[in-house]
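Protein chains get the first letters and strands the later ones, always in sequence-line order, with residue 1 at the start of each. The figures that follow rest on heavy atoms only: side chains count, while hydrogens, waters and symmetry mates do not.
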Amino acid sequence: MPPASIARVLLDSPLPQLDRLFDYWVPDRWREQAQPGVRVLVPLRSAGRQAKGFIIELADEVGYEGVLSELDEVVSAAPVLDAAVYRLVRRAADRSAGVASDLVRLAVPTRQVRVEKSWLARRAESTDEARARDAARPTAPSITGYAADALVPLLTFDAEPLGGGGASRRIALTGIPSLVEVDQGTWVPAAMRTLAELAAATLAAGRSAIVSVPDYRDLDHLALCLERLVPSGDVARIDATQPGADRYRAFLRGLEPRPVIIIGNRSALLAPAPALGLIAMWDDGDGLHVEPHAPGIHGRDLALLRQEDSGCSLVFAAHARSTEVQRLIELGWLTPVEPTGRWRRRITPTAQQTAAAESAPARIPSTAWKTVSDALASGPVLVQVARPGYAPRIACAECGETARCTACRGPLGIARAGASVSCRWCGSVAAQWSCSTCESTRSRTVGRGSARTADELGRAFPGARVVVSDGATPLQSAPGGRTLVVATRGAEPTVAGGYRAVLLLDGEGMLARESLRVVEDCVRWWCNAAALAAADAPVLLVGVGGAVATALATGHPERVAEAELADRRALRFPPAVRVAAVAGTPDAVARATEAVDELEGVDVLGPIELDEGRVRAIVRLDYARGAEVAARLKAELVRGATAKAPRPAGAAPRRRVPALRVRFDDAEPFDDPGGRPTV
DNA sequence: AGCACGCCGACT
DNA sequence: GTCGGCGTGCTC
């Protein structure tokens with residue numbers, strides 16, 4: 001038998017029972033092109049069709065007793081599924097009972113034939129010019145604001161074996177200062193400059209870097225910082241909003257031998273990168289790092305797995321520490337690092353008062369009113385609110401019951417001043433509403449959204465320009481001068497020089513949300529907004545007291561993470577343990593939970609009723625049980641997908657809904673029962 | 001997903 | 001005696 005005549009192929013299929021490698025003969029005509037990583041078409045006999053797939057490895061021995069088919073076609077010679085990316089995808093799928101090809105689909109963008117052809121042609125040339133460019137490495141920038149020796153271990157790669165690197169290679173950056181001026185009049189968050197400098201220094205050491213940020217406004221700032229440090233050909237931007245061809249070109253850049261800096265959102269962590277030296281992630285507590293598609297993996301976990309596999313450096317940077325990072329610090333897996341001469345951003349708690357200064361809106365205490373008023377004289381002021389729109393909620397004037405949409409049961413609200421009442425979920429206008437409890441037709445507005453706050457503040461501070469930035473229409477930056485910027489949490493724009501004051505409203509309401517992560521999320525939102533203030537500017541948090549307020553007032557947000565994690569340990573909640581939500585038909589869920597329940601360090605909550613005919617249970621597991629639990633749940637998924645559940649007499653013959661779904665490490669099951677379940 | 005193999009009711 | 005119902009299981 002000639003060598004390497006068998007190709008092991010991963011099929012492009014979401015079916016769990018097909019999530020393994022299939023052997024195919026490589027016919028002579030494809031022998032040349034059939035290399036690991038290429039796209040192929042293969043026959044799947046019983047399915048009677050052709051399947052797409054990727055060659056994972058070549059072999060010269062059959063690992064299968066049956067009769068092999070020949071692969072039909074090598075789609076292109078581009079080895080798009082990189083070996084390291086496949087290892088990452090395989091491990092990530094295995095630890096979450098997921099299907100590898102679901103992740104491959106995120107890792108390898110849709111093929112763009114023209115882009116790929118020109119890339120292959122260019123690669124074949126391999127010009128002297130390219131080699132000269134390789135030799136001319138950019139010089140390493142210093143990392144502004146950090147002691148020279150603090151970050152040296154991150155940027156030292158000499159002859160280190162892959163998979164090496166201790167905890168000094170993995171750090172959690174905290175205490176990051178606020179905005180910095182990178183060019184005349186251009187201000188960016190200091191964290192973006194630090195991450196850009198780290199990436200550029202990694203590149204200068206002859207290694208690639210991946211920097212993952214939650215949203216495109218961070219990405220723009222990061223790109224801006226990198227422009228000043230490295231040639232544009234050394235930066236590849238992977239971003240969901242860019243056109244397919246650009247996306248594919250950026251992706252292919254990571255397959256070239258020359259090191260590169262890859263910047264992007266969560267999918268950047270799945271990008272190929274030669275000689276990976278650094279993975280950095282900004283604000284890992286931001287929910288945008290969670291991939292919404294199956295199997296719903298958090299970018300943080302991808303970063304941790306990839307670091308372990310490659311032995312590269314790892315940086316989690318954030319203003320507020322997540323409980324997950326706190327846990328890794330306590331385990332000794334991450335080393336906390338702070339900038340030199342760290343000054344602590346203090347957030348001053350201010351009690352809610354009913355009696356405020358003359359003409360002040362009732363929700364702004366008089367001290368805060370004075371602060372805003374004074375600050376406006378020297379520049380822009382940020383006011384953070386919880387909700388967009390005019391009135392976030394409508395309630396019955398008689399009994400106080402929340403008004404809900406007749407179509408979808410979503411809450412009703414008012415989007416703009418003078419607009420009619422409409423549903424916040426489905427948008428349908430509620431023309432004639434009557435209370436479902438007491439049948440009254442009189443309603444009242446509850447709470448103030450960004451639009452109403454802006455209206456009120458505009459009247460209260462005549463002469464100030466009022467700007468609104470919310471999730472639907474976020475601003476990257478706002479004008480300076482006498483400007484009041486009203487923004488919903490997470491949508492705060494930057495201003496040159498930083499805000500002269502920051503006022504955090506609605507804290508009480510934000511904390512009242514029924515969610516495992518409320519405290520953590522609120523602290524993150526507050527710290528992120530506070531970081532947009534000028535260094536000496538006051539930051540006031542209205543209506544929040546207790547230990548959280550104390551931690552923020554003394555400039556120690558990490559104490560909140562410590563306390564939160566201690567609570568979760570006591571309650572056996574994530575991230576002290578891992579969780580897997582198991583949803584589906586009652587018998588499928590029962591079988592799945594029975595399969596794992598008897599394991600040491602595993603317990604099951606529920607099941608509870610979801611919608612008609614479906615239930616959901618929560619499996620809680622010690623980290624050490626992860627592989628075993630995921631494997632058993634995967635086996636149940638395979639069983640559920642192949643053998644159909646015995647249907648009760650008289651029911652519809654084929655269920656449209658899958659019998660079983662599993663989602664790991666999602667805190668949603670612990671959240672507000674009024675929300676819409678996603679599992 | 002698709003499609004074949006396999007074991008029980010009304011037909012030339 | 002067969003033709004075909006779709007329940008069960010496999011796909012290199």
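Note: NZ (A:Lys52) to C1' (C:dC12) measures 20 Å, nearest angstrom. To the nearest angstrom, P of C:dC12 lies 19 Å from CZ of A:Phe54. At whole-Å resolution of the value, CD in A:Glu70 and P in C:dT11 are 19 Å apart. The distance from atom CD1 of A:Ile56 to atom C1' of C:dC12 is 14 Å, rounded to the nearest whole Å. The CZ-P distance, from A:Phe22 to C:dC10, rounds to 12 Å in whole Å. In this structure, CG of A:Leu44 is placed 10 Å from C1' of B:dG2, rounded to the nearest angstrom. A:Gln50 places its CD atom 15 Å from the C1' atom of B:dG2, with the value rounded to the nearest Å.
Taking A:Ala51 as the reference, A:Leu11, A:Val42, A:Leu44 meet the side-chain contact (heavy atoms from CB on, under 4.5 Å) condition, with sequence neighbours excluded. When the side-chain hydrogen bond (donor to acceptor under 3.5 Å, both in side chains) test is applied to A:Asp286, no partner is found at least two apart in sequence or on another chain. The side-chain contact (heavy atoms from CB on, under 4.5 Å) test applied to A:Arg578 returns A:Arg95, A:Leu621, A:Tyr623, A:Phe664, A:Asp665, not counting sequence neighbours. With sequence neighbours excluded, no residue forms a side-chain hydrogen bond (donor to acceptor under 3.5 Å, both in side chains) with A:Tyr216.
Under the stacking criterion of a centre-to-centre distance below 5.5 angstrom and an interplanar angle below 30°, A:Tyr64 sits stacked against the six-membered ring of C:dC12.
Judged by the 6.0 Å distance and 45° axis criteria, A:Arg170 is positioned over the aromatic ring of A:Trp333.
Near-neighbour residues of DNA chain B inside residues 11-20 of chain A, defined by a heavy atom below 4.0 Å, number-ordered: A:Leu15, A:Gln17.
Backbone-only contact: A:Val67 has heavy atoms under 4.0 Å from sugar-phosphate atoms and none from a base.
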Contacts under 3.5 angstrom, residues 67-78 of chain A side chains, donor-acceptor by atom type, not counting sequence neighbours:
from    : atom 1 : to       : atom 2 : distance (Å)
A:Asp72 : OD2    : A:Gln50  : NE2    : 2.8
A:Ser76 : OG     : A:Ala78  : N      : 3.1
A:Ser76 : OG     : A:Glu116 : OE2    : 2.5

